There are 2 protein chains.
Amino acid sequence: MHGEVNKRRKNRRPTMVDVAREAGVALRTVSRVVNDDATVGSELAKRVHDAIAALDYRPDERARHLRLGVTGTLGAAVRQLSHVNPVLRAVERAARAADLMVLAASTEDDERLERRVVESMCRRRFDGIVLEPIGADHGYLLPELAAGLSLVAVDRPVLGLEVDCVISDNMAGIQAAYGHLTAHGHRRIAYIGDDERIFTAQERASAFRASVAGAGGGLDGMVHTGPIEPGRIARALTTARAGGATAVITGNATISVEVVRGSDDRRMAIVGFDDSELATLLRPDLTVVAQDDQAIGATAIDLLRSRIADHGRPVTRVTVPVELLARGSGEQPPP
Amino acid sequence: MHGEVNKRRKNRRPTMVDVAREAGVALRTVSRVVNDDATVGSELAKRVHDAIAALDYRPDERARHLRLGVTGTLGAAVRQLSHVNPVLRAVERAARAADLMVLAASTEDDERLERRVVESMCRRRFDGIVLEPIGADHGYLLPELAAGLSLVAVDRPVLGLEVDCVISDNMAGIQAAYGHLTAHGHRRIAYIGDDERIFTAQERASAFRASVAGAGGGLDGMVHTGPIEPGRIARALTTARAGGATAVITGNATISVEVVRGSDDRRMAIVGFDDSELATLLRPDLTVVAQDDQAIGATAIDLLRSRIADHGRPVTRVTVPVELLARGSGEQPPP
DNA sequence: CTGAAAGCGCTAACAG
DNA sequence: CTGTTAGCGCTTTCAG
């Protein structure tokens, strides 16, 4: 007799309508209870909760978000999820504090994947996106921004586009490292860094050159940038030593490790860029220029929220101070 | 005259209707073009694409997913996004190969946060969730599973619940490590591991005890489990050495690091559980029992997809083989 | 291919 | 508080 009704109920997740029927209340009331609106009597609320439990009802956020227009969700598109990334951790914390959910995905340093990820988050109507932009062309972001995307770049700017961003003060960090080493008596200091096509690598290398120039020193054989390969780094070290270098500044944590591994027992003072768990594993412990990850993450979320609130506000670029942590490797005097 | 129309168009994202109007085609046709259905003429398709570009139209997946019932999205709830996690990387890759998007969030080893994250993903109607379950009570999962959640646990099972899972063969790994050390002449071997309330730690410690018992050895002073604290680990090492141990098996990568740091110049053979970037940084390089991260991730996605396809299929638990990688630290003979 | 219309599950406006 | 209803933006059925 009621075959049709039964068929429709079979294998279907319960909706608010089902809950309302089960509890014998109006749909409106269920909606209120689910969004815990205070204006509903506790007796009715209980009936609704019982019905929800009885039916295993789960509200569908897709519908809710569609209706509301916002999703309460932030995307994080980072180079590699499964790598150490203190900034991402800070981003998650700050977002949680603002009652926003962060959902993250890897771009794997692949332009096309970055694009797929970001566009996917846009189509899902995430309220905003935290992006660790990779290399080249970000033109695809233009229509997204025009269509209302709120975006903040961390670690590096989105080149050629007016986008909020928060980056570390790379220049001050290199200056601090350089000054620290000269204060400990070093006169010939080398720099070994990442490929200068990477924004931070370029900034740091430039800052190093400027520091040397400011001190009236020579650069020959002292600046080595390129891909992170043990062979290249070993050769760079050899060249630097041959040129009289007694100390070295490294461009990032991976390079620090390679340099420490390559310099073995021979004494060179080292100041590394970026702190890492490895820093205190080495002997002597590694003196580093550390980013303020907490500040970067919190600032990124602040910028994103204010951009979401006012899509027209002027573009902001924040530079976060870095800190030199003296731990031993940077305080060795020249031989 | 057309004031109302203008008002409605202001500050609103364009929809398919707008695109259809702009292109002078039917809504239906736009939908086809967007989902690149081949049955639409190339001339019309171009008109539609032009209209999309002109209006900066972005399809709204929320609506699409609501209508379709599925989201093409998998969630990954892991202990800490910003930690090295090769399994998560494998999960992302495998999902991409299946044209599914993975969105990840951290549970920070916090039960309540895990619950918030998982429930949030459920309400967003993710097609499935990959979970690295933490400690205690997973009762909250019961109604979600009843409501249709597809879930796969990685690294450890969801205790007390019938849920698909894929874990490493911890027992075989410990046996391999133990056999490797005895083959190199060691007769007294110690084990230093994590807190046994953690599933993997418990499994590994048990396997170690079984190995020793099988070899007819004694356990006194040879098994040390507990929290990961440098002090505890140093004391454990001292006790083990005093008891005549000439080799040590460690319960995870962090403990390996502490043990290497603590054993310094004195010679002890070491086999570590879990590979890590540090393993080849140490001297001698660390011999490890390595998980097959790729297989774990791929299997997790397989299980999840088959669970999504058939929610009623029997629960499956997969144990993935581990591999012993001899690198030097585990091949040192007893003094 | 077009045009019209139903429906996904929710929120919110409206009149009782 | 209840009951009804429109509508979020999309897919899809149905008749032309």
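Every chain is numbered from 1 and lettered A, B, ... according to where its sequence line falls, protein lines coming before strand lines. Excluded from the calculations below are hydrogen atoms, water molecules and symmetry mates; all remaining heavy atoms, backbone and side chain alike, are included. Because the structure is a prediction, the values reported are computed rather than measured.
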Taking atom CZ as the centre, does A/Arg305 end up with more than 12 heavy-atom neighbours from other residues, nucleotides or ligands that are less than 6.0 angstrom away?
no

Nearest whole angstrom, please: distance from the P of C/dC8 to the CZ of B/Arg124.
23 Å

Taken to the nearest whole Å, CZ/A/Arg32 to P/C/dT11 is 12 Å

If you measure only the distance, is there a donor-acceptor pair under 3.5 Å linking the side chains of A/Thr73 and A/Arg124?
no

Specify the separation, in whole Å, of atom CG of A/Asp60 and atom C1' of C/dT11.
13 Å

Provide, to the nearest angstrom, the distance between the CG atom belonging to A/Leu66 and the P atom belonging to D/dT11.
12 Å

Using atom CZ of A/Arg21 as one end and atom C1' of C/dG9 as the other, report the distance to the nearest whole Å.
14 Å

Value in whole Å for how far the C1' atom of C/dG9 lies from CZ of A/Arg13:
12 Å

Rounding to a whole Å, what distance do you find between A/Arg62:CZ and C/dT11:P?
14 Å

Nearest-nucleotide 5' precedence on DNA chain C, B/Val25 against B/Arg125:
B/Val25

Send over the distance from A/Glu61 CD to C/dC8 C1', rounded to a whole Å.
16 Å

Just the atom pairs and distances: protein N or O near nucleotides 12-16 of chain C's N or O, under 3.5 Å.
residue: C/dC14; atom: N4; partner: A/Arg28; partner atom: NH1; Å: 3.4

Will you find, in the side chains of B/Arg62 and A/Thr71, an N or O donor that is under 3.5 Å from an N or O acceptor?
no

Basic-acidic side-chain contact under 4.0 Å: B/Asp293, B/Arg93
no

Is it true that A/Arg313 and A/Asp164 have a side-chain N and a carboxylate O under 4.0 angstrom from each other?
yes

Ionic contact status for B/Arg47 with B/Asp50, cut-off 4.0 Å:
no

